Engineer: 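Sharing a structure, written as structure tokens. Questions coming.
A note on names: the letters A, B, ... follow the listed sequences, proteins ahead of strands, and every chain is numbered from 1. All values derive from a computational prediction rather than experimental measurement. Because only heavy atoms are used, hydrogens play no part in the values below, and waters and symmetry mates are left out as well, while side chains stay in.
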There are 2 protein chains.
Amino acid sequence: MKNRQSMIPVYYRLAEDIKQQIESGELKHGDLIPTEGQLCEMYGISRMTVRQGLSLLAEAGLIETIKGKGSFVTCPKLNQLVIDLKTSQATGGEPLRYQLLGVKLIRGDHDFARELGCAESKVITVKRLIYKGDQPVAIEDKYLPYLKGKPLLENQMDYADFPEFVAKHQESVPVRNDMVISVDTLSEEQYKLLEAEQGMPALVIKQVIYSRDDKPLGISIMVCHKDRFQLTATSYPLSGRL
Amino acid sequence: MKNRQSMIPVYYRLAEDIKQQIESGELKHGDLIPTEGQLCEMYGISRMTVRQGLSLLAEAGLIETIKGKGSFVTCPKLNQLVIDLKTSQATGGEPLRYQLLGVKLIRGDHDFARELGCAESKVITVKRLIYKGDQPVAIEDKYLPYLKGKPLLENQMDYADFPEFVAKHQESVPVRNDMVISVDTLSEEQYKLLEAEQGMPALVIKQVIYSRDDKPLGISIMVCHKDRFQLTATSYPLSGRL
DNA sequence: CAGTGGTCTAGACCACCTG
DNA sequence: AGGTGGTCTAGACCACTGA
């Protein structure tokens, strides 16, 4: 078939058409969409092209394909939400600023050393204060195993998010980031730094970055001023572009 | 090529090979992988098959392909984390239990009615107490526009997560779930229900479910006991299966 | 210009599912 | 057995990139 006048690919058109039918309600959750052979005839295109279109829909989570049976319309998975650290932290017009409070080398046994699997050796800790405009919004404490010959450089201090920081500092490739979101009350040191009141509650975001062999490469703990910092997440990004 | 004795597809083998080279460090972030033509020769397979393998790697976020240039190894995106409501809420051995506290019909103008875009009409609100074992862990308030002929049925009350609940109750198809995670202090009613102390901080999880035309279909607010409920997220699910 | 990836074809054989 | 999706081929033309 020669449909080259339109710049958009045929398989994309097909995917859009079916997506439209799903969203308009013509095709409901659980329905069977036409078979690949039927779609070939309907669009006058080759089967590989049909499959390319269907794979788009499958990626977006709109259909689910079962060998020997067909492709079924699925209901969108709204209980999987994505947190994007880049956008989540940068809400509002003002950009974030970072103030380095200190870098320390810790020896001996303590919770973070054990969690990093280096109870016997040294741990580097970096403390930063995060501002939005003129207001302090969060305190960040990072813990990394000390690596010989891998000094922390000045320009490594300026990275916005923790995963990026670990990627620059570590030799092993970081492959996973686990996050725990909880709540605590600000300590005396913390509420002073954040220019908050004594005993104010705070959002606590803990991240642990792992290498491919599940060794922790770094820990970050962010203590956030409750009125100046929110985490957001949405189910939409999973649907990708379509 | 006739390599049919092994049950695993050729394109999958190719993807695994390249993934291995990336994880072992042979291919580093930013490197160019062999061109599609080269891979065809190296594996003795057709170009479409090579492309199928590369698309797996692209889906998993391991490579990024640029027309006219080639495919580059990307660093894993650790700043996009997935919250899975199903697993996040069910941490620990004991299953969650739900106690219905009340269903009310609200008229007139208030914040939630405006947010739902039905300031003039009625809003249903459902309050539940969530237990883990014998301990109350969270209070959930749901707000939904009142729909004629769509009564809330008893068996609709038992759903674990909010998106599922909205899907059952609404006529429009829910397509997006936006979440805001913040912190507040328990009110008098709240700390009594949660068997907590006065003034205790709490994790607040607000969800808004939208239809495809961006109309809000429902709002859920969960107020969680800080020591009995935490949210978890991980970057790993994005990499899919490979 | 040559090389790259993006799209597409018209076949083929297979494994799976259902009657 | 007949229909479905899963895999794979050996070509083709195009648009984009770089030297």
Engineer: Using a cut-off of strictly less than 4.0 Å between a heavy atom of the residue and any atom of DNA chain D, enumerate the qualifying residues of residues 68-75 of chain B by number.
Structural biologist: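 Close to the strand are B:G68, B:K69.
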Engineer: Rounding to an integer number of Å, can you tell me how far B:L54 CG sits from C:dG5 P?
Structural biologist: 8 Å
Engineer: Who are the side chain to side chain contact (heavy atoms under 4.5 Å, CB included) partners of A:A138, not counting sequence neighbours?
Structural biologist: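 Result, side chain to side chain contact (heavy atoms under 4.5 Å, CB included) vs A:A138: A:I130, A:M222, A:C224.
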Engineer: With side-chain hydrogen bond (donor to acceptor under 3.5 Å, both in side chains) as the rule and sequence neighbours excluded, what pairs involving residues 60-72 of chain A come up?
Structural biologist: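 Residue pairs with at least one partner in residues 60-72 of chain A: A:T65-A:S71.
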Engineer: On DNA chain D, does the nearest nucleotide to A:M48 precede the nearest nucleotide to A:T65 from the 5' side, or the other way round? Give the residue.
Structural biologist: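 In this pair, the answer is A:T65.
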Engineer: Who are the side chain to side chain contact (heavy atoms under 4.5 Å, CB included) partners of A:V208, not counting sequence neighbours?
Structural biologist: A:E115, A:K206, A:Y210, A:P216, A:I219
Engineer: Between A:R47 and A:K67, who's closer to the 5' end of DNA chain C by nearest nucleotide?
Structural biologist: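 Between the two, 5'-proximity favours A:R47.
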Engineer: Under the side chain to side chain contact (heavy atoms under 4.5 Å, CB included) rule, collect the residues that match up with A:D134, sequence neighbours excluded.
Structural biologist: A:R97
Engineer: Among residues 26-37 of chain A, which residues get a heavy atom nearer than 4.0 Å to DNA chain D?
Structural biologist: A:T35, A:E36
Engineer: Is there a side-chain polar atom (N or O) of B:Q52 under 4.0 Å from OP1 or OP2 of D:dC8?
Structural biologist: no
Engineer: Could you tell me whether the side chain of A:N177 and the main chain of B:L78 form a donor-acceptor pair under 3.5 Å?
Structural biologist: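 Judged by distance alone, yes, a pair lies under 3.5 Å.
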Engineer: Taking CD1 from B:I66 and P from C:dG5, how many angstroms apart are they, rounded to a whole number?
Structural biologist: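 These atoms are roughly 11 Å apart.
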